[in-house]
Amino acid sequence: ATYWSDYDDGHASTIHKAYLDREIEEIATPGLHHTFLQLPDLTLVWGSQDHGGSEALVERGPDESGERILWTCDDDWPGAGRCESNGLFYNEADDTFLYSFYTNNSIVEVDHVTGESLWWAGDVRDGYSFDPPESQYSWQHGISYTDSGTLLVSSENPENERRATWLLEYEVDHTNEELHYVWGSSAGTYASTNGDAWRLDNGNTLHVVGAAGVIREVDPAGVGRELDGVGEE
């Protein structure tokens, strides 16, 4: 990601496909600066700082020479302000993207086909509210949907516990335009950046505590088993 090294808005960023010690392919992904994903048909999708609109969501198919703009902050998310993303999740069931921005402590869901901002929540005005209000995430990373449709987030503690990163789960209530807090679990350590959250097949939740170098597996009661950076239990 040349966004961070050359300060060129990621213009020369590329993705390298490799197997063990052999590179298979290098793909130009201009504007890429943080997160990207690959769809089931091998299309690459990433947040771009090199396609205008403050930030753009773009995609490139496996046999295509260029990329298409799906969505931009300026055109499709009024009032979002400065946009710089740190998370992207593909919801295959609905063909939508969950898109996370640390610059405004907000998450937006984008329709893949129309580029419409379907809903959002965080500091951007006119978004979904939080129930209770003090459960609002901030500096969130690692967004994902569970199979039951709840939202998982790695976040700074909504109760402002000093130097702690939390795993949070919400029910997304589209009827009342609210995120209902389900449960949370403190990692007991703080990650200044990065992180991830995924629901596992056994019902537990995997919490990658970003720059803290900690991985946690948390059971449904919120009691975690911590694994440090060298894998000791």
Side-chain angles (χ1 to χ4, degrees), residues 1-52 55-72 83-93 95-102 107 110 112 140-147 152-154 165 167 187 191-202 204-217 226-233:
T2 57
Y3 180 84
W4 305 105
S5 59
D6 298 357
Y7 305 105
D8 63 348
D9 291 330
H11 181 73
S13 292
T14 59
I15 289 175
H16 296 257
K17 289 187 175 182
Y19 176 75
L20 298 178
D21 61 348
R22 179 173 63 88
E23 184 167 296
I24 299 170
E25 184 181 9
E26 181 179 3
I27 303 168
T29 51
L32 187 149
H33 62 100
H34 199 294
T35 186
F36 69 93
L37 52 79
Q38 190 173 56
L39 304 187
D41 67 357
L42 304 185
T43 293
L44 291 170
V45 183
W46 66 94
S48 169
Q49 289 285 322
D50 191 44
H51 285 82
E55 173 156 324
L57 185 65
V58 301
E59 70 174 356
R60 178 177 176 175
D63 300 318
E64 297 175 343
S65 59
E67 53 279 351
R68 292 183 300 278
I69 297 176
L70 303 174
W71 174 98
T72 72
C83 286
E84 191 167 315
S85 66
N86 64 354
L88 188 62
F89 175 85
Y90 180 57
N91 178 17
E92 186 174 2
D95 196 20
T96 63
F97 299 99
L98 281 177
Y99 203 7
S100 172
F101 293 83
Y102 66 89
I107 295 170
V110 176
H112 185 192
Q140 75 288 339
H141 294 72
I143 52 173
S144 68
Y145 274 136
T146 68
D147 287 344
L152 291 174
V153 177
S154 178
T165 296
L167 172 65
S192 59
T193 187
N194 294 327
D196 229 326
W198 296 89
R199 181 60 41 82
L200 302 175
D201 290 341
N202 64 6
N204 293 346
T205 305
L206 186 70
H207 184 198
V208 180
V209 195
V214 172
I215 297 174
R216 312 170 61 226
E217 183 176 340
E226 282 72 37
L227 307 176
D228 69 18
V230 295
E232 294 180 354
E233 182 173 335

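Note that these values count all heavy atoms, side chains included, but never hydrogens, waters or copies made by symmetry. This is a predicted model, so every value here is computed, not measured.
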Indicate yes or no: at least one non-hydrogen side-chain atom of Arg199 is less than 4.5 angstrom from one of Asp147.
no
Give a yes or no on whether Glu92 atom CD has more than 12 heavy-atom contacts from other residues, nucleotides or ligands under 6.0 Å away.
no
Any Thr205 side-chain heavy atom under 4.5 Å of Leu152 side chain
yes
Does any part of the side chain of Asp9, heavy atoms only, come nearer than 4.5 Å to the side chain of Tyr3, both counted from C-beta?
yes
Reported OH-to-OG1 distance for the pair Tyr99 and Thr35, which is rounded to 0.5 angstrom:
9.0 Å
Looking only at heavy atoms, what is the nearest atom pair of Thr72 and Ala56, with distance?
CG2-CB, 3.9 Å
Hey, which of Ile15, Val58, Leu88 is the one that makes side-chain contact (heavy atoms from CB on, under 4.5 Å) with Phe36?
Ile15
Can you see which heavy atom on Glu67 is nearest to which on Pro30, and at what distance?
OE2-CG, 3.2 Å
Does a side chain donor of either Ser154 or His207 reach within less than 3.5 Å of an acceptor in the other side chain?
yes
Test side chain to side chain contact (heavy atoms under 4.5 Å, CB included) applied to Ile107 and Val153, step by step
CA-CA 10 Å; Ile107 295 170; Val153 177; 4.0 Å; yes
Between Tyr90 and His112, what is the ring plane arrangement, given parallel below 30°, perpendicular above 60°, and tilted in between?
perpendicular
Do you know the tightest heavy-atom contact between Asn86 and Tyr102?
ND2-CB, 3.5 Å
With sequence neighbours excluded, residues passing side chain to side chain contact (heavy atoms under 4.5 Å, CB included) with Thr43
Leu39, Asp41, Val45, Glu59, Pro62
Can you list the residues that meet the side chain to side chain contact (heavy atoms under 4.5 Å, CB included) rule with Asn194, with sequence neighbours excluded?
His34
Indicate the atoms forming the closest heavy-atom contact of Glu84 with Gln49, along with that distance.
CA-NE2, 3.8 Å
Can you measure from CG (Leu44) to CD1 (Ile27) and round to the nearest 0.5 angstrom?
5.0 Å
List the atom of Leu57, the atom of Phe97, and the distance in Å for their closest heavy-atom pair.
CD2-CD1, 3.9 Å
Report the relative orientation of the aromatic rings in Trp71 and Phe101; use parallel for angles under 30°, tilted for 30 to 60°, perpendicular for over 60°.
tilted
Give me the atom names and distance for the closest heavy-atom approach of Ala197 to Leu167.
CB-CD1, 3.6 Å
Heavy atoms, side chains only, cut-off 4.5 Å: are Leu206 and Asp196 in contact?
no
How many angstroms lie between atom CG of Leu200 and atom CH2 of Trp198, to the nearest 0.5 angstrom?
10.5 Å
CD (Glu23) and NZ (Lys17) are apart, to the nearest 0.5 Å, by 11.5 Å
Quick one: do Ser100 and His141 satisfy side chain to side chain donor-acceptor pair (under 3.5 Å)? Show the steps, please.
CA-CA 7 Å; Ser100 172; His141 294 72; over 6 Å; no
